[in-house]
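A, B, ... follow the sequence lines: proteins, then strands. Residue 1 opens every chain.
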Amino acid sequence: MATKLKEVDAIIVGLGWTGGILAKELTEAGLKVVALERGAIRSPEKDFAVPIVRDELRFVVRHDLMQNTTRDTLTIRNNPSQNALPMRRLGSFLPGEVVGGSAVHWSGHTWRWTDLEFKVRSMYEERYGKNFIPADMTVQDWGITYAELEPYYDKFEYIAAVSGKAGNINGQILPGGNPFEAPRAREYPLPPLTPILASEMFTRAAKNNGYHPFPRPAANASRAYTNPDGSKFGACQYCGYCQRFGCEANAKGSPLITVIPIAMRNPNFELRTYSWVTKVLKASDGKRVSGVAYTNLLNGEEFEQPAGLVLLCAYAINNVHLMLLSGIGEPYDPVAQKGVIGKNYCYQTGAGATLFFEGRHFNPFMSAGGSNATIDDFNINWDFDRGKHGFVGGYNVAGGFNTALPIGYRPVPRGTPQWGKAWKAATAKWYQTAMNIGASGSVMANRYNYYDLDPTYRNAFGQPLMRMTFDYKENEHKMGRHAAQVVNDIAKSMNPTRLNEATVRTQWTVVPYQSTHNTGGTIMGTNPRDSALNKYLQSWDCHNLFVVGANVFPHNASYNPTGPVGALAYRTADAIKNRYLKDPGPLVPA
Amino acid sequence: MGAIAWIPAMLVGAVGVAHAGGDPARGEKLYEDCVACHPIERSVHGIGPTLYGILGRKAGEMADYRYSRALRDSGITWTVEALDTFIAEPQASVPANRMPYAGMPDAADRADLIAYLKKVSKSSAP
């Protein structure tokens with residue numbers, strides 16, 4: 001029997017970036033907040049100091065900071081005609097399971113998504129007509145604008161120590177930055193990271209091809225920094241262990257060294273680790289939630305924690321899973337195209353080339369998480385005419401390294417045997433001489449890409465696993481072909497000794513790692529018929545429930561999601577503090 | 001003392017004076033490079049050990065911080081000179097120590113930083 005605990009003002013489910021931001025903001029507003037986190041607590045002092053942190057086996061192969069799939073995983077299929085099977089081992093994406101969440105092991109790439117995403121349907125229809133967007137592409141406007149989000153982007157960038165170069169301050173285009181970015185109010189808090197040889201070579205080549213390269217903005221502090229909350233950052237040491245690792249220099253913008261310790265010092269805050277939330281409990285009136293049910297993973301003890309507010313801040317996939325398990329909102333049905341929970345799951349696509357230059361020494365073991373140069377000429381550049389190519393969305397192209405691991409990173413020219421003497425000789429010969437150019441592409445929502453509960457497989461708590469149905473559609477194929485062509489043209493213009501050309505991804509598979517950028521499932525929007533949440537990320541069904549994370553994105557862009565995830569979390573915090581607490585109820589009339 | 005009298009006035013600025021003894025106020029600013037890992041309170045360690053009372057301490061002597069073997073075995077006592085050498089290029093000074101810091105090449109910066117450490121150690125000594 002579950003033990004019923006004393007009511008608190010707010011529960012936060014999952015303590016990563018969004019949970020950490022809300023924990024800090026709401027405890028400072030005087031609320032008693034309890035955070036329930038599945039994972040353990042890790043500290044930079046004990047777990048990320050050199051040499052413990054430089055452990056490829058522990059952090060990369062054994063997924064030390066990530067979701068334990070023996071307890072809960074997803075079933076996966078490409079389309080509704082297939083039988084979905086459980087993903088027994090993490091592959092394509094790596095949800096964090098630790099205090100700090102995926103933001104402990106992210107690389108820090110921090111972008112500002114623009115109105116090209118937020119107004120996707122209206123902008124494309126206005127320019128290309130109603131028939132340009134295919135009938136099965138269920139993209140919709142988000143109900144927010146870039147201008148509304150700008151101050152929150154700014155806030156997040158200054159908290160997370162983002163290093164970069166502005167390309168557009170209040171409409172003035174500045175040299176060295178991204179000329180296509182939407183106007184920002186001020187410069188980044190820190191100058192760009194020091195470029196590495198690969199990013200310098202890419203920058204030159206991109207310029208020679210008529211493109212507009214700029215240093216990628218990343219929450220890797222380019223020098224020692226104290227953020228507006230007083231959190232201290234060390235300077236990035238270009239150690240080469242960024243993605244999938246905690247930071248040994250306290251240089252990575254992570255909630256573990258910023259918002260979470262601030263919340264922890266506040267007597268209004270309590271963190272319970274190893275706490276697995278199995279259900280959000282609905283109040284008897286059906287218009288509110290009353291708290292959550294959770295299990296202590298260490299001893300199996302079950303609890304009911306009542307609360308005035310419930311904030312789902314778990315990994316994007318797990319937020320959607322919890323909504324489906326709790327029966328809040330109508331589950332999405334792709335055949336009838338009714339319901340909203342599970343709708344518009346999106347991923348990302350891409351195309352990458354490896355270039356080999358005999359005689360060059362790239363020193364791939366030295367890089368920051370964000371030390372690459374990028375072009376947005378085919379991404380947020382609205383002057384790029386998609387009409388000719390027949391696709392919606394875009395892709396950015398980048399050259400450089402991020403976490404080229406000593407064991408895992410083995411670039412060899414295509415045609416090299418995959419093992420044995422010849423492979424050994426080739427890996428020794430080419431290791432120092434290789435660099436990458438990669439495109440990261442958007443994925444537009446499709447009627448048949450969605451989540452629901454699996455009819456067969458169950459997790460350790462006896463609950464149905466989440467089922468993911470996903471594949472790339474014609475739109476992604478067209479864009480992928482275009483991206484591969486651009487990547488290969490740039491690569492060839494650099495005259496490499498050998499070139500592994502970029503190829504288009506046509507079918508998605510869960511096995512190799514691709515990106516941890518899963519979006520959608522509980523999307524935000526303008527009305528309850530086609531979205532789960534309003535623009536403050538408040539549930540249309542239960543007004544004291546907020547669902548925060550990339551699960552609110554109605555489609556996925558080419559950019560990494562954390563910029564808008566952080567900005568939206570700060571915006572939700574403001575909406576709760578300044579409006580909801582004064583007058584609890586729907587913040588937007590249904 | 002007369003020997004320095006000929007130095008043009010524009011060079012006899014704060015830097016010149018600070019270099020002789022070190023300017024702790026400027027050193028406090030420079031300590032921003034260190035503070036993300038090295039707390040300055042007694043017995044409070046971060047990714048790196050506390051630097052409270054560092055002057056005069058033996059390298060690797062605090063029992064509640066897990067040092068690298070290289071530092072423990074270095075035999076260093078943290079005098080002003082030893083700190084100066086170490087901070088200039090930590091890996092060259094004590095090879096295989098674990099501090100992920102590239103070093104502070106400017107001698108005047110180091111003098112100011114050490115002046116700050118000295119001041120903090122003195123003013124907060126038990």
Side-chain angles (χ1 to χ4, degrees), chain A residues 42-55 100 104 159-161 163 189-190 193-194 196 219-242 245-254 256-258 261 265 363 365-369, chain B residues 26-52 59-60 62-74 86-106 109-110 112-113 116-117 120:
Chain A
R42 295 260 190 262
S43 72
E45 303 90 279
K46 290 197 175 66
D47 299 287
F48 308 149
V50 179
I52 311 165
V53 71
R54 295 188 183 176
D55 187 340
V104 176
I159 294 303
S163 301
L190 289 160
L193 293 155
T194 305
I196 53 177
N220 310 145
S222 54
R223 56 186 188 216
Y225 174 67
T226 303
N227 81 7
D229 291 336
S231 307
K232 308 276 189 188
F233 289 74
C236 176
Q237 301 294 317
Y238 302 85
C239 72
Y241 290 80
C242 198
F245 297 87
C247 183
E248 65 188 44
N250 279 337
K252 189 194 287 193
S254 154
L256 207 49
I257 63 163
T258 54
R265 287 195 292 271
N363 291 344
F365 45 84
M366 287 195 289
S367 70
Chain B
R26 200 169 158 273
E28 183 170 7
K29 190 85 191 124
L30 288 162
Y31 193 70
E32 283 184 4
D33 267 12
C34 323
V35 70
C37 296
H38 291 286
I40 199 82
E41 299 100 83
R42 184 166 29 174
S43 304
V44 179
H45 304 302
I47 286 186
T50 179
L51 297 185
Y52 171 93
M62 284 182 295
D64 53 350
Y65 183 80
R66 203 178 51 85
Y67 293 90
S68 60
R69 174 177 295 242
L71 213 60
R72 266 198 333 259
D73 295 351
S74 67
F86 184 68
I87 299 166
E89 208 184 339
Q91 279 306 330
S93 161
V94 182
N97 87 77
R98 288 201 311 254
M99 180 164 73
Y101 179 63
M104 190 175 277
D106 189 295
D109 286 352
R110 295 196 302 275
D112 294 346
L113 181 73
Y116 169 69
L117 290 172
V120 174

Problem set entry | Set of side chain to side chain contact (heavy atoms under 4.5 Å, CB included) partners for Asp55(A), sequence neighbours left out | Leu57(A), Arg58(A), Phe59(A)

Exercise. Does Arg69(B) CZ have over 12 foreign heavy atoms under 6.0 Å away?
Worked result: no

Problem set entry | Separation of Arg66(B) CZ from Glu45(A) CD (nearest 0.5 Å) | 12.0 Å

Problem set entry | Residue Tyr101(B) versus chain A: region with a heavy atom under 4.5 Å | both

Problem set entry | Any residue meeting salt bridge (charged side-chain N to carboxylate O under 4.0 Å, His left out) with Arg54(A), in chain and number order, not counting sequence neighbours | Glu248(A)

Exercise. For chain A, which residues of residues 29-36 of chain B have at least one non-hydrogen atom nearer than 4.5 Å to it?
Worked result: Glu32(B), Asp33(B), Val35(B), Ala36(B)

Exercise. So which bits of residues 230-238 of chain A come within less than 4.5 Å of chain B, counting non-hydrogen atoms only?
Worked result: Lys232(A), Phe233(A), Gly234(A), Gln237(A)

